Structure formats: structure tokens, C-alpha cells
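Below: the structure, in C-alpha cells.
Here is how names work: the chains are called A, B, and so on, in the same order as the sequence lines, proteins then strands, and each is numbered from 1. Here the structure is a predicted model, which is why all the values come from computation and not from measurement.
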Amino acid sequence: MKSEPNLFSITHLATDRTSYWSGVRNYQARNFMRDQMQVGELFFFYHSRIEPIGIAGIGEIVRTGYPDDTAWDPNDEHYDPKSSPDHPIWYRVDIRFVRKCPEIISLKRLKSIPALKGMQVVQKGMRLSIQPVTPAEWNHVMNLPEWRK
DNA sequence: GCCAACGTTGGC
DNA sequence: GCCAACGTTGGC
């Protein structure tokens with residue numbers, strides 16, 4: 001799950017302990033939150049746009065998808081007038097902090113690992129903010145030395 | 001800050 | 001329902 005760390009980072013989550021993943025306004029990303037994510041599942045918290053770009057830590061889903069009420073708040077930057085309490089379009093999940101990576105696993109690093117060449121995040125033009133990770137990819141990333149520094 | 005790649009919108 | 005125009009994302 002990608003976030004720009006100046007807005008919401010793994011450090012923010014580590015401080016708050018629990019939070020929620022709101023503001024997603026892309027249908028594919030929404031569908032993962034609404035239809036796929038289960039309580040107890042882990043995710044990589046990825047910092048986008050701002051160096052160092054890459055995997056910054058791990059979070060856990062603590063509540064499955066439910067309507068994102070920021071969508072019907074006219075003062076919210078992600079306000080969407082097509083969404084309403086009666087007809088919610090956008091969803092979010094609740095999350096908790098699990099672990100911070102001692103050293104960010106950079107995108108460049110991920111791209112350099114042959115076993116991860118099929119991982120969505122390293123594909124050219126891939127800008128979806130929520131992406132599935134296969135068990136094999138997850139295990140491979142977890143075995144990288146960056147976690148033990 | 002640039003711009004390629006992508007998603008969405010809206011005229012037809 | 002097509003697709004050009006536009007807006008956004010995000011790596012560089």
C-alpha cells in the first residue's frame with residue numbers, strides 16, 4: 001500500500017499505533033479494500049514520490065472495508081460529490097502498526113532482485129496505490145538483510 | 001520540475 | 001460505445 005510519507009508515513013503509523021487507509025479514489029485500489037482484505041492480513045507500507053522511495057515497514061488490517069466518509073466531506077481534499085452515505089462509492093480499511101523496516105528497501109533495490117522481477121511494484125508504469133503481493137514475493141522481501149540492520 | 005503512463009470524462 | 005482530451009500519479 002503506497003503513501004506519500006509527507007502526508008502519511010510508517011512513522012506516523014508507528015506513533016499512532018492504529019489508523020485507517022482513507023482517501024483512495026481509484027476503483028481497482030478500492031476493490032482490494034472492499035472485497036479482498038481480511039482482518040489479520042499484513043501489508044507492506046510503501047513510501048512513494050519522496051526519497052528514499054520503497055518499502056518502509058509493515059502494517060496489519062484490523063477492520064475490513066467500510067465506507068470512506070471523507071468522500072462526502074466537502075472540505076476534504078478527496079471529496080467526491082458522487083458519493084454519499086446512502087450511496088458510498090469509496091471504501092477504507094483500518095490498520096495497525098506492526099513493524100518499521102530499519103532501512104528502507106528502495107525501489108531500485110527491489111528492481112535489482114531477479115526473484116522479484118514479476119512483482120507489481122517494479123513494473124514500468126505501475127502506479128496503482130494498492131497492489132497484491134504473492135506469498136513468494138512476500139517471503140523473499142522478508143528475508144532481505146534490511147530487516148535485520 | 002518534467003513527463004510517460006495511466007484512469008476518467010464527456011462529446012459525438 | 002468509441003476515443004480525444006484532460007487530470008493525476010509517481011519515478012526520475
Measure NZ/K2(A) against C1'/dT9(C) and give the value in whole Å, please. 8 Å

For R49(A) and for R127(A), find the nucleotide of DNA chain B with the closest heavy atom, then tell me which residue's nucleotide is more 5'. R49(A)

In whole Å, I'd like the distance from the CG atom of L7(A) to the P atom of dT9(C). 11 Å

Protein-nucleotide distance (E51(A), atom CD; dG11(C), atom P), rounded to Å: 9 Å

Take the protein atom CD of E77(A) and the nucleotide atom P of dG7(C), then report the distance between them rounded to whole Å. 18 Å

Counting side-chain heavy atoms from C-beta on, which of dG10(C), dG7(B), dG11(C) comes nearest to Y46(A)? dG11(C)

Within this structure, what is the NZ-to-P distance between K111(A) and dG10(C), rounded to whole angstrom? 13 Å

Rounded to whole Å, the CD-C1' distance (Q131(A) to dT9(C)) equals 12 Å

Assigning hydrophobic clusters by single linkage (Ile, Leu, Val, Met, Phe, Trp, Tyr; side-chain heavy-atom cutoff under 4.5 Å), is L128(A) placed with F43(A)? yes

May I ask you to establish whether R17(A) and F97(A) are in a cation-pi arrangement, using a distance under 6.0 Å from NZ or CZ to the six-membered ring centre and at most 45° from the ring axis? no

Roughly, in whole Å, what's the span from NE2 in H78(A) to P in dT8(B)? 15 Å

OP1 or OP2 of dT9(C) sitting under 4.0 Å from any side-chain N/O of K124(A)? no

Is there side-chain contact between V141(A) and W138(A), with at least one heavy-atom pair below 4.5 Å? no

Which part of the nucleic acid does Q28(A) contact within heavy-atom distance under 4.0 Å: base, sugar-phosphate only, or nothing? sugar-phosphate

D68(A) and Y20(A) side chains, donor-acceptor separation under 3.5 Å: no

What does K82(A) touch in the nucleic acid at a heavy-atom separation under 4.0 angstrom: a base, only the sugar-phosphate, or nothing? sugar-phosphate

I need the CZ-C1' distance between R109(A) and dC12(C), as an integer number of Å. 20 Å

